[in-house]
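Only one structure is covered here, and it is reproduced in the block below.
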Amino acid sequence: RFGFLFGGVFWGSILIFLGLSLIAKVIFHVNIPVFRIAFAFVLIYLGVQLLFCGRWCRFTPRSVGGDIVFSEGEMKYDASRREYSVVFGKGMLNLASGLSPSDVSKNSVEKEVNAVFGNCRVNINPAVPTKIKASAVFGAAVLPDGSSVSFGDRIFTTPSFKEGAPHLYIKVGAVFGSVEISDKN
């Protein structure tokens with residue numbers, strides 16, 4: 001029932017908050033109550049579970065509208081869907097099998113992938129002209145060339161990308177989480 005308390009995302013978040021609070025205390029003389037915040041997140045988690053699952057929910061992992069919330073799974077590619085999110089969970093999105101070079105030959109395609117206190121892996125097809133704008137705040141966005149960003153923004157383009165030509169544009173956001181984009185199928 002409370003399996004998330006033993007998961008890597010929960011304890012990783014606690015360790016990040018603990019480290020940040022130590023830095024804030026030493027450098028800025030600001031005391032951040034990490035364990036009170038963690039307890040508040042547990043209460044928020046339970047409240048969200050009650051809202052979305054009802055009274056008899058057994059806190060089972062599930063996907064909500066294609067997004068992954070408090071669970072683990074694979075998000076299905078949908079041409080009409082613009083945004084994919086992982087919140088307090090772990091997910092995978094395979095754009096490599098959903099998009100081919102012919103899909104972006106006439107019109108650009110825009111997708112957004114977000115991870116908030118979660119982890120997301122995105123597979124892309126290197127043959128599809130792609131531009132990725134990765135943004136991270138207290139998180140990590142790892143790009144296909146191995147580069148990453150923890151704070152701020154970074155732009156990545158595949159070798160097949162040409163400025164001004166139709167392409168796949170992926171906007172990536174990692175907030176206290178991680179998004180890894182791979183062009184290895």
Side-chain angles (χ1 to χ4, degrees), residues 4 7-9 12-13 16 44-45 48-49 51-53 60-185:
F4 74 96
V9 173
S13 300
I16 288 170
I44 291 169
Y45 171 80
V48 168
Q49 284 294 326
L51 283 174
F52 288 110
C53 296
T60 57
R62 62 194 186 100
S63 178
V64 177
D67 293 331
I68 294 176
V69 181
F70 295 114
S71 65
E72 183 174 330
E74 185 172 340
M75 296 175 283
K76 302 292 184 198
Y77 171 75
D78 181 357
S80 64
R81 187 178 175 88
R82 187 181 175 282
E83 185 175 350
Y84 300 87
S85 297
V86 176
V87 181
F88 286 102
K90 183 177 180 181
M92 209 280 275
L93 173 62
N94 192 352
L95 294 176
S97 66
L99 280 168
S100 66
S102 63
D103 293 329
V104 296
S105 63
K106 292 188 175 112
N107 295 318
S108 291
V109 175
E110 186 173 330
K111 299 294 177 187
E112 185 172 342
V113 179
N114 298 301
V116 180
F117 289 102
N119 300 320
C120 184
R121 179 178 171 86
V122 180
N123 291 334
I124 61 170
N125 183 345
V128 174
T130 306
K131 180 177 184 177
I132 301 168
K133 179 182 180 189
S135 301
V137 178
F138 294 110
V142 181
L143 299 166
D145 63 355
S147 64
S148 65
V149 61
S150 296
F151 283 98
D153 300 324
R154 178 160 293 167
I155 302 289
F156 170 84
T157 58
T158 58
S160 58
F161 174 80
K162 290 182 178 63
E163 193 66 48
H167 61 279
L168 169 63
Y169 177 70
I170 304 173
K171 184 178 175 188
V172 174
V175 179
F176 288 104
S178 68
V179 177
E180 179 186 351
I181 301 170
S182 174
D183 59 2
K184 315 278 188 282
N185 293 331

Subject >> From OG (S85) to CD1 (I68), nearest 0.5 Å >> reply: 10.0 Å

Original post:
Which pairs, with at least one residue in residues 100-114 and sequence neighbours excluded, count as a salt bridge (charged side-chain N to carboxylate O under 4.0 Å, His left out)?
Top reply: R82-E110, R82-E112

Subject >> Lys/Arg cation over aromatic Y84: R81, 6.0 Å, 45° cone >> reply: yes

Original post:
Is any side-chain heavy atom of Y77 less than 4.5 Å from a side-chain heavy atom of L99?
Top reply: yes

Original post:
If you round to the nearest 0.5 Å, how far is OG of S148 from CD1 of I181?
Top reply: 11.5 Å

**OP:** Provide the closest heavy-atom pair for A115 versus S178 in the form atom of the first, atom of the second, distance.
**Re:** CB-O, 3.6 Å

Original post:
Does a donor on one side chain and an acceptor on the other come within less than 3.5 Å for N94 and E74?
Top reply: no

Original post:
CD1 of I124 to CZ of F156: how many Å apart, nearest 0.5 Å?
Top reply: 6.0 Å

Original post:
What's the spacing between L95 CG and S100 OG if we round to 0.5 Å?
Top reply: 12.0 Å

Subject >> Geometric class of the F176/F117 ring pair [parallel <30°, tilted 30-60°, perpendicular >60°] >> reply: parallel

Original post:
S147 versus R154: any side-chain heavy-atom pair under 4.5 Å?
Top reply: yes

**OP:** May I ask you to test the V128-T158 pair for a side-chain heavy-atom distance under 4.5 Å?
**Re:** no

**OP:** Only counting residues at least two apart or in another chain, list the ones meeting side chain to side chain donor-acceptor pair (under 3.5 Å) with S150.
**Re:** none

Original post:
Would a 4.5 Å heavy-atom cut-off, applied to side chains only, mark N107 and P166 as touching?
Top reply: no

**OP:** Using a 4.5 Å cut-off on heavy atoms from C-beta on, say whether the side chain of D67 contacts that of V86.
**Re:** no

Subject >> Side chain proximity check, N125 to P101, heavy atoms < 4.5 angstrom >> reply: yes

Original post:
Taking atom CG of L93 and atom CD1 of I170, what is their separation to the nearest 0.5 Å?
Top reply: 8.0 Å

Subject >> Student check: side-chain heavy atoms of S182 and R121 closer than 4.5 Å >> reply: yes

Original post:
If you look only at pairs with a residue in residues 122-145, which of them pass as a salt bridge (charged side-chain N to carboxylate O under 4.0 Å, His left out), with sequence neighbours excluded?
Top reply: none

Subject >> 4.5 Å side-chain heavy-atom contact, P144 and I132 >> reply: yes

**OP:** Drop me the distance from T157's OG1 to L168's CG, to the nearest 0.5 angstrom.
**Re:** 12.5 Å

